[in-house]
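Just so we're on the same page: letters track the sequence lines, and every chain starts at 1.
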There are 2 protein chains.
Amino acid sequence: MSVRLAETPLIRALPLFKEMSERSFAAMMDVSMLQRFPARADIIREGELPDFLHVVVEGAIDLFATRDGEETTIDIVYPVSTFILAAVVRDEPQLKSARTLVPSQLLMVPSQVVRDTFKHDAAFAHGIVAELAARYRSVTRVLKNDRMLSSAERLANWILSSARRSGRNEFDLPLEKRKLASYLGMTPESYSRGMTALEQYGVTSHGATITVTDPARLMEFAKPALAADD
Amino acid sequence: MSVRLAETPLIRALPLFKEMSERSFAAMMDVSMLQRFPARADIIREGELPDFLHVVVEGAIDLFATRDGEETTIDIVYPVSTFILAAVVRDEPQLKSARTLVPSQLLMVPSQVVRDTFKHDAAFAHGIVAELAARYRSVTRVLKNDRMLSSAERLANWILSSARRSGRNEFDLPLEKRKLASYLGMTPESYSRGMTALEQYGVTSHGATITVTDPARLMEFAKPALAADD
DNA sequence: GCCTTCGATTGATATGCATCAAGCAGCCTT
DNA sequence: AAGGCTGCTTGATGCATATCAATCGAAGGC
């Protein structure tokens, strides 16, 4: 049940945990678990109270909402970051479900421990504030994009940020196209058509590889004023 | 420039400020301002760095995003609560603009002071965490509604929460219909048509007064699984 | 009390995107 | 190498909602 500190350098380095005292961190790890899950494993379900704060150590997590059997992907989380922090600190029902996209390793910190620790360790509280604020801004951006951009523009903006993140003009899709489509708030069909539409704006794709051949042209189309900072 | 403590009981009672030490609170008020604005006054503009954390003491604030001259209302804030907290704690550009909807009174706390105080006053840090988490969940809900509900369903859900909040089956619109429409992510025309469509589900409206004549029927239509808690 | 103005409504039309329905291609299995 | 599964693409159609345009109606000014 307990996690050895030797296994945690990546976690310790997270903004959320970096500044907290060695003592609280050790105590927290002592009651946490590091667990492996296969691909497509259900991790948490919408509507339930959060038992654990989760940290993605390895793999990828799909955060999605359900209604009438329909799903929409709200966020996709990669190492090393956390999910359902807000539900944990408020101890309120989760608004999203989570499942692994690929085989993943998760650190699970009992949520009561998170709440207790953040009351006693100021540095941890600051980490939580920074993380929550960043996430808040991120959802806000998604909402703005959904409301004000066409599906092709959202796609273009996503390609631009992915290229920027990778530091190159060519990169591979880190997930299924259908998931990406859902994440961008559109159907797989619309994603596909959007992609062909973007060809005239300096994007080509072969299989899972996307190449930005004319970044300036693409930016002109995407008008990435809204694009990301954090 | 400074705010006298006698003027602040409402602010002091806010979850955000309630638990903090008298000393930090007094110091914070000492460098804050209480200011009145007429209706439709611009308060902050998207893209700028936050100079102040704002608290709506009186009136109503429209938080909106702009693009190509188009606007969409992201949130509407009533007394007594805060806005642009996330941008303040991260000291990053605001993602939304704000303007008064009606004559309003705002408390303005210099953002550097907010950041300093939350480093020294643990109780204030906790308040910020709770507030941020609540807001995060609230945007998440809006996003889910936008993605998964039809415009009429969003409207129905909004009516149900408004009725619940007012404690009665009849209530008055607290703002222009066009603003409400934008807030719900639709045009004024769609709002209007949505309203007539809801008549067969137990809602009538005359002018700015909305009456839920058959709550059960309306709930059946709205399927308010996603509705609010906080 | 009438006129002006601005928002709300209603109607007609347009369009973006979803949905439905086949094809198609890569990949795994045998 | 053949078959079949799965996910991607492409085409045809439909629907929800935006857009455009006109009328209506209430609130405020003169």
Side-chain angles (χ1 to χ4, degrees), chain A residues 39-40 60 62 67-73 101-102 145-159 172-201 203-210 221-223, chain B residues 38-40 60 62 67-73 101-103 145-159 172-201 203-210 221-223:
Chain A
R40 289 160 206 267
D62 180 18
R67 174 167 176 120
D68 291 344
E70 296 290 300
E71 290 184 5
T72 188
T73 294
L101 287 169
V102 296
N145 281 341
D146 266 33
R147 286 246 178 114
M148 313 191 80
L149 304 188
S150 71
S151 63
E153 288 172 321
R154 295 199 294 277
L155 179 53
N157 276 294
W158 183 86
I159 291 173
D172 282 0
L173 291 178
L175 41 57
E176 281 179 277
K177 293 181 184 176
R178 49 181 50 242
K179 275 290 160 215
L180 176 54
S182 172
Y183 178 43
L184 294 172
M186 62 181 91
T187 58
E189 293 93 328
S190 290
Y191 168 89
S192 192
R193 291 186 237 270
M195 210 60 208
T196 65
L198 287 185
E199 274 169 22
Q200 58 186 300
Y201 296 105
V203 181
T204 58
S205 72
H206 297 96
T209 305
I210 291 184
F221 173 79
K223 291 181 245 152
Chain B
R40 289 161 208 265
D62 180 17
R67 170 163 179 126
D68 293 344
E70 296 290 300
E71 290 183 6
T72 187
T73 295
L101 286 170
V102 296
N145 281 342
D146 267 33
R147 286 241 178 121
M148 314 191 79
L149 304 188
S150 72
S151 63
E153 287 171 323
R154 294 199 294 278
L155 179 53
N157 275 294
W158 182 86
I159 291 172
D172 283 0
L173 291 179
L175 40 56
E176 281 179 274
K177 293 180 185 176
R178 48 180 52 241
K179 276 289 160 216
L180 177 55
S182 173
Y183 178 44
L184 294 173
M186 63 181 90
T187 58
E189 292 94 328
S190 290
Y191 169 88
S192 192
R193 291 187 236 270
M195 210 58 210
T196 64
L198 287 185
E199 274 169 21
Q200 57 186 302
Y201 296 105
V203 181
T204 58
S205 72
H206 297 96
T209 305
I210 291 184
F221 172 79
K223 290 181 246 155

Look at the side chain of A/S150 and decide which nucleotide, out of C/dC17, C/dA8, D/dT9, has an atom nearest to it. C/dC17
Would you mind classifying the nucleic acid contact of A/M195 as base, sugar-phosphate or nothing, using non-hydrogen atoms under 4.0 angstrom? nothing
Atom pair distance, as rounded to whole Å: CG in A/L149 and C1' in C/dC17: 15 Å
Whole angstrom value for the distance that separates C1' of C/dG16 from CZ of A/R147: 18 Å
At under 4.0 Å between heavy atoms, what does B/G194 touch on the DNA or RNA strands: base, sugar-phosphate, or nothing? nothing
Heavy atoms only, 4.0 Å cut-off, all strands: where does B/S151 land among base, sugar-phosphate and nothing? sugar-phosphate
Nearest whole angstrom, please: distance from the P of D/dA16 to the CG of B/L155. 16 Å
Atom pair distance, as rounded to whole Å: NE2 in A/H206 and C1' in C/dA25: 15 Å
Considering only heavy side-chain atoms of B/R193, the closest of D/dT17, C/dA18, C/dT10 is C/dT10
Could you tell me how far apart A/D146 (CG) and D/dT17 (P) are, to the nearest whole angstrom? 14 Å
Starting from C1' on C/dC17, measure out to CE on B/M186 and report it in whole angstrom. 18 Å
C/dG26 P sits how many Å from A/R178 CZ, rounded? 17 Å
Would you call B/R67 and A/L149 a side-chain contact if the rule is heavy atoms closer than 4.5 Å? yes
Can you tell if the side chain of B/D68 reaches within under 4.5 Å of the side chain of A/M148, non-hydrogen atoms only? no
Please examine the side chains of A/W158 and A/N145, heavy atoms only from C-beta on, and report whether any two atoms are closer than 4.5 Å. no
Do B/M195 and B/I159 come within less than 4.5 Å of each other through their side chains, counting heavy atoms only? yes
Closest approach to the side chain of A/T187, judged atom by atom: which nucleotide of D/dC8, D/dT19, C/dA18 is it? C/dA18
Identify which one of A/K177, A/R154, A/R178, A/K179 satisfies the side chain to side chain contact (heavy atoms under 4.5 Å, CB included) criterion when paired with A/Y191. A/K177
For the pair made of OH in B/Y191 and C1' in C/dG7, what is the distance, rounded to whole Å? 13 Å
Counting side-chain heavy atoms from CB outward, which of C/dA18, C/dA21, C/dA8 is closest to A/E189? C/dA21
Counting only side-chain nitrogens and oxygens, does A/K179 get under 4.0 Å of the OP1 or OP2 atom of D/dG7? no
Comparing A/A152 and B/S190 on DNA chain C - which has the more 5′ nearest nucleotide: B/S190
